[in-house]
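Input: a single structure, listed below in structure tokens.
In what follows, chains are A, B, ... by sequence order, proteins preceding strands, each numbered from 1.
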Amino acid sequence: MNAVEIEEAISQLAEQPFEAAEFPYAFLLAFGNKDTTIKRLRAGNSNKSDLGGVLQTSNIHIKTCAEGEATVTLRALRESPATARAKAKFILATDGVEFQAEDLTSGEAIICPYADFPNHFGFFLSLAGITTVRAIRENAFDIKATGRLNRLYIELLKDNPEWGAAARRHEMNQFMARLIFCFFAEDTGIFAQETVFTRTIDTMSARDSSNTHEVIGELFRAMNTRAEDRAAAGILRWADPFPYVNGELFSGTTEAPRFSRIARSYLLTIGGLDWTRVNPDIFGSMIQAVADEEERGALGMHYTSVPNILKVLNPLFLDDLRAALEEAGDNSRKLLNLRGRMARIRVFDPACGSGNFLVIAYKELRAIEAEISRRRGEADRRSEITLTNFRGIELRDFPATIARLALIIAEYQCDVLHRGQREATRDFLPLDSKNWITCGNALRLDWLSICPPTGTGVKLRGEDLFATPLDQAEIDFENEGGEIFICANPPYQGSVNQTPSQKDDMARIFSPVLKTYKDLDYVAAFVLKVAQFNRMTGSKSALVTTNSVTQGEQVAMLWPLVFSQRNVIHFAHTSFLWSNLASNKAAVTCVIVGLSPMEESECHLFDNGVVRSVRNIGPYLVAGDSVIVKKRSAPLSGLSMMQSGNKPTDGGNLILSSNERSAIASTSPASMRFMKRYVGSREIINGGNRWCIWIEDDELNDAKSIPEFRERLERVRRLRETSNGKQANDNAASPHRFVFAPHSRGLSIMVPNVSSEQRQFLPCNIADYATVVSNLASVIYDAPLWNMALIASRLHLVWIGTVCGKMKTDFRYSNTLGWNTFPVPPLIEKQKSDLTACAEAILLAREAHFPATIADLYDPENMPDNLRAAHDHNDEVLERIYIGRRFRNDTERLEHLFSLYTKMTTKPKAVAGGV
DNA sequence: GATCCGACAGCTG
DNA sequence: CAGCTGTCGGATC
């Protein structure tokens with residue numbers, strides 16, 4: 001269940017007559033517990049309550065009671081030993097009149113009339129496994145309104161299928177936006193009489209709903225007609241009290257879809273909600289899901305929390321403005337200048353969704369402006385910050401419509417907050433008619449025409465920004481001091497999952513300037529376009545992106561282009577986990593990169609809550625020079641060749657568990673010679689046995705005499721045949737072979753391709769010739785052991801952690817990016833034999849703890865002393881080879897590696913003589 | 001022929 | 001069910 005569904009279930013529960021015995025079960029059911037869970041609680045075997053209530057382990061202890069006893073009951077629940085024993089997170093007591101609950105983790109409590117408890121449902125959301133951002137939890141209204149509007153939307157489409165078709169989609173969206181505006185306006189004093197919109201529909205439209213659409217249409221028509229034109233337009237008398245609104249919101253057709261009786265009653269219910277409580281930044285991001293079938297299930301998936309938005313906006317420009325405010329103090333002149341500067345600031349979000357970033361930016365600017373006006377003694381002064389300075393582009397029609405509405409609502413709320421209700425209402429209508437949110441594809445639109453660098457309407461056309469670089473002086477002149485700040489959380493999409501249309505967008509942006517761009521994430525197109533725009537207009541920008549564009553192979557594709565546009569990273573946030581409303585959170589790790597086309601003397605690097613002021617930030621988002629490491633197909637430093645492991649592409653059919661292996665072996669003893677040990681990342685790290693079918697070409701007939709193998713090979717053949725992958729197709733005729741099989745004899749060194757960032761050393765191990773290493777690990781075949789000493793070193797881990805890709809924030813090992821690029825001074829034989837001894841010592845230290853796995857041994861909390869000592873010695877020996885002593889810290893390690901890498905890749909001959 | 005990646009995905013305590 | 005940590009196979013070079 002998502003938050004909206006839970007809210008609906010809870011509201012329904014509160015409307016029904018209170019039944020003391022049933023309430024606890026109904027409550028748990030509303031929070032998404034399964035029927036079987038409830039059944040077991042009823043039967044008593046999973047009910048741990050010692051008070052005759054209902055206690056669900058690790059969740060909640062509920063007890064209903066006689067009237068007037070809620071307080072004592074809650075105390076009893078709090079003090080009950082069973083509550084603690086079952087680790088309950090919440091306690092809840094109610095008599096049907098009063099409702100009391102407490103969050104035992106945070107100590108927060110709720111005491112309210114029974115009928116009001118649905119308004120606090122966010123308090124209990126963690127019962128449903130939904131851990132939300134606090135802002136959302138506290139805005140029950142936005143979730144409630146979204147749920148109701150969602151119902152209405154679906155109901156209307158049922159009766160008016162043509163409104164759902166592409167041709168009328170925009171009208172439908174606009175219709176919904178108008179309704180929302182009217183609900184807001186009638187509750188907040190924008191319409192002179194409270195609830196006039198809902199009441200008029202209720203009284204003027206027939207109960208059978210047959211003319212509801214006509215009534216609404218007439219009201220909309222009134223709001224699109226100026227007072228002086230109304231007589232001529234023949235506006236009906238009952239619609240006349242409604243003011244002229246327009247602002248394009250009510251222009252165009254004022255037709256409304258037909259309403260069923262159900263739809264009409266939904267409409268009236270929604271009108272009855274208290275719309276003063278709407279929070280435009282949250283509401284917008286939730287409501288955008290209503291019109292999108294794919295998103296409806298994952299409500300709030302793209303909600304960007306306010307703290308995350310401020311991570312972008314504060315360092316981009318708000319911190320600077322606040323510092324200027326601080327500096328101005330009470331100096332009237334300086335305050336005036338600052339206000340003038342702020343009035344010219346333009347904020348542009350080329351992927352604005354429902355306008356989250358713009359709304360927050362607007363609110364924050366208004367707060368600063370209000371403080372200026374307060375200090376100047378002009379508290380109720382009209383704001384100089386205009387909505388026209390907040391521009392956005394959004395691909396989907398409904399969010400684009402909502403974004404405009406959200407800004408309008410934000411403007412009104414800011415006026416009420418900073419200037420007072422009377423001033424707000426007086427100046428609000430009619431709405432400005434300019435359109436500042438463009439519905440379209442940001443990667444195809446000309447940003448210069450949507451957010452031109454001058455306020456006077458001169459349009460620069462830049463079809464190909466590279467082909468026609470504009471003269472910087474000219475732009476400075478046109479810009480007249482108004483700053484532009486770009487902020488966005490554009491869509492991410494890895495190359496494999498891009499739609500044909502997205503691939504086409506990528507081609508338009510990158511093909512003129514880069515040969516191999518197809519492995520870039522979709523968001524990279526926004527990064528480059530932003531950098532181009534910065535260079536042309538002098539704007540500064542900050543984007544939330546997937547951390548992939550600052551890692552691994554993408555760095556060498558994207559960042560040279562960004563730097564060639566003379567942009568620098570003037571601030572950055574290193575990887576942080578995304579958080580949103582969905583119960584299974586979007587599994588994505590983000591970074592924030594701030595780009596500036598100016599020379600910045602001071603850059604700010606935000607790393608896990610700590611800010612550092614640094615001279616420069618490189619594309620891997622580490623302090624220091626902007627070194628870019630390129631993939632190599634062979635080692636830079638005379639190391640042994642490392643390869644990918646063997647790739648099955650078998651749908652699991654060539655892979656066997658221990659059980660499967662012994663089952664086959666017992667029926668066909670001859671099968672044993674065709675089965676080899678099979679290891680990938682998981683087996684290297686966590687142990688465990690897997691096996692694979694390994695058949696040489698000349699043994700195929702023998703192997704096929706075993707029925708189980710015959711069937712498995714047939715399944716592999718079918719799978720490869722029907723695959724979309726060319727390589728799989730090509731190998732369909734030889735299902736007994738892995739599609740890629742470099743397996744060879746001899747001692748191998750294996751490195752898992754993915755492993756946890758928790759470990760202080762990269763896991764690696766050796767294998768004998770009988771082992772098949774999977775494509776989830778990299779291998780050095782027939783390996784001199786000193787190679788392993790390098791892999792196991794702290795230096796290598798620091799290198800891999802910086803220049804390779806990541807899985808979330810976990811290490812992802814790559815031969816081309818990490819091993820082949822690893823800079824090592826030339827090694828003499830003595831050094832190699834020292835390192836070999838180090839590697840042997842590490843293996844021996846591990847052996848002393850047989851059968852502990854790598855995961856056990858390298859658990860950072862419980863690493864055995866002898867193993868730690870062996871690694872310490874290994875690092876000592878290796879680091880002496882680099883600089884004659886231990887490095888002081890990882891920063892020094894990385895700086896040295898980067899500088900050695902730069903030397904070795906630019907002047908390889910100079911290094912050969914010794915470092 | 002060989003990889004690097006996933007607005008991820010599957011396991012486990 | 002939430003934290004943890006690495007599968008699998010394809011598009012791309």
Kindly indicate, with the supporting measurements, whether the criterion salt bridge (Lys or Arg N to Asp or Glu O under 4.0 Å) is fulfilled by A:Arg718 and A:Glu721.
-> CA-CA 5 Å; A:Arg718 272 207 303 269; A:Glu721 222 167 49; over 6 Å; no
Using both distances under 3.5 Å as the test, list the Watson-Crick or G-U wobble partner of C:dT7, or none.
-> none
Step by step, would you call A:Asn547 with A:Thr550 a side chain to side chain donor-acceptor pair (under 3.5 Å)?
-> CA-CA 6 Å; A:Asn547 62 359; A:Thr550 63; over 6 Å; no
Indicate whether any N or O donor in one side chain lies under 3.5 Å from an N or O acceptor in the other, for A:Ser778 and A:Asn753.
-> yes
Among the candidates B:dA7, C:dG10, C:dT7, find the nucleotide nearest to the side-chain atoms of A:Tyr492.
-> B:dA7
Atom pair distance, as rounded to whole Å: NZ in A:Lys806 and C1' in B:dC8 = 17 Å
side-chain N/O A:Asn815 vs B:dT3 OP1/OP2, d < 4.0 Å = yes
Compare the minimum distances between each of B:dC5, C:dA11, C:dC8 and the side chain of A:Lys503, then state the nucleotide with the smallest one.
-> C:dA11
In a check of side-chain hydrogen bond (donor to acceptor under 3.5 Å, both in side chains) between A:Tyr522 and each of A:Thr546, A:Asp505, A:Asn497, A:Thr499, which one passes?
-> A:Asp505
Have a look at A:Asn646 and say if it touches a base, only the backbone sugar-phosphate, or nothing, with a 4.0 Å heavy-atom cut-off.
-> nothing
Could you tell me whether the phosphate oxygens of C:dC8, OP1 or OP2, come under 4.0 Å of any side-chain nitrogen or oxygen in A:Arg720?
-> no
Any side-chain N or O of A:Ser723 less than 4.0 Å from the OP1 or OP2 oxygen of C:dG10?
-> yes
Just call it for A:Ser774: base, sugar-phosphate, or nothing, with non-hydrogen atoms closer than 4.0 Å on any strand.
-> nothing
Select from A:Asp650 and A:Asp519 the residue whose nearest nucleotide in DNA chain C is closer to the 5' end of that strand.
-> A:Asp650
Rounded interatomic separation in angstrom, taking CD from A:Glu553 and C1' from C:dC13 | 9 Å
Are any side-chain N or O atoms of A:Gln554 and backbone N or O atoms of A:Leu520, one a donor and one an acceptor, separated by less than 3.5 Å?
-> no
Do the ring centers of A:Tyr813 and A:Trp819 come within less than 6.0 Å of each other?
-> no
Looking at the side chain of A:Ser681, which of C:dC8, C:dG6, B:dA7 is the nearest nucleotide?
-> C:dG6
A:Lys808 NZ - B:dA7 P separation (whole Å) = 12 Å
Using the closest heavy atom to pick a nucleotide of DNA chain B for each, name whichever of A:Cys590 or A:Tyr813 lands nearer the 5' end.
-> A:Tyr813
Closest to the A:Ser756 side chain: B:dT3, C:dT5, B:dA2?
-> C:dT5
A:Gln502 CD - B:dA7 P separation (whole Å) = 10 Å
Return yes if some donor-acceptor pair links the side-chain N/O of A:Asp103 with the main-chain N/O of A:Phe90 below 3.5 Å, else return no.
-> no
Minimum-distance nucleotide (side-chain atoms of A:Arg812 versus B:dC5, C:dT7, C:dA11) | B:dC5
Between atom CD in A:Gln727 and atom P in C:dA11, what is the gap in whole Å?
-> 11 Å
Between A:Leu577 (CG) and C:dA2 (C1'), how many Å, whole number?
-> 12 Å
Starting at the 5' end of DNA chain C and moving along, which residue's nearest nucleotide shows up first, A:Gln758 or A:Thr516?
-> A:Gln758
Quick one: which of C:dC13, B:dA7, C:dG10 gets closest to the side chain of A:Lys518?
-> C:dC13
Separation of B:dA2 C1' from A:Asn775 CG (nearest whole Å) = 11 Å
Distance, C1' atom - from B:dA7 to C:dC13, rounded to whole angstrom = 25 Å
Side-chain N or O of A:Ser644 closer than 4.0 Å to phosphate OP1/OP2 of B:dT3 = yes
Checking only heavy atoms, does the side chain of A:Asn547 share a donor-acceptor pair with the base of B:dA7 at less than 3.5 Å?
-> no
Mind calculating the distance between CG (A:Asn653) and C1' (C:dG9) to the nearest angstrom?
-> 14 Å
Selection from C:dG9, C:dT7, B:dG1 that lies nearest to any side-chain heavy atom of A:Lys647 | C:dG9
Quick one: label A:Pro490 by what it contacts on the DNA or RNA (base, sugar-phosphate, nothing), any heavy atom closer than 4.0 Å.
-> base
Determine: side-chain N/O of A:Arg682 to OP1/OP2 of B:dT12, distance under 4.0 Å, yes or no.
-> no
OP1 or OP2 of C:dG6 less than 4.0 angstrom from a side-chain nitrogen or oxygen of A:Asn686, does that happen here?
-> yes
Contact class for A:Asn497 (heavy atom, under 4.0 Å): base, sugar-phosphate, or nothing?
-> sugar-phosphate
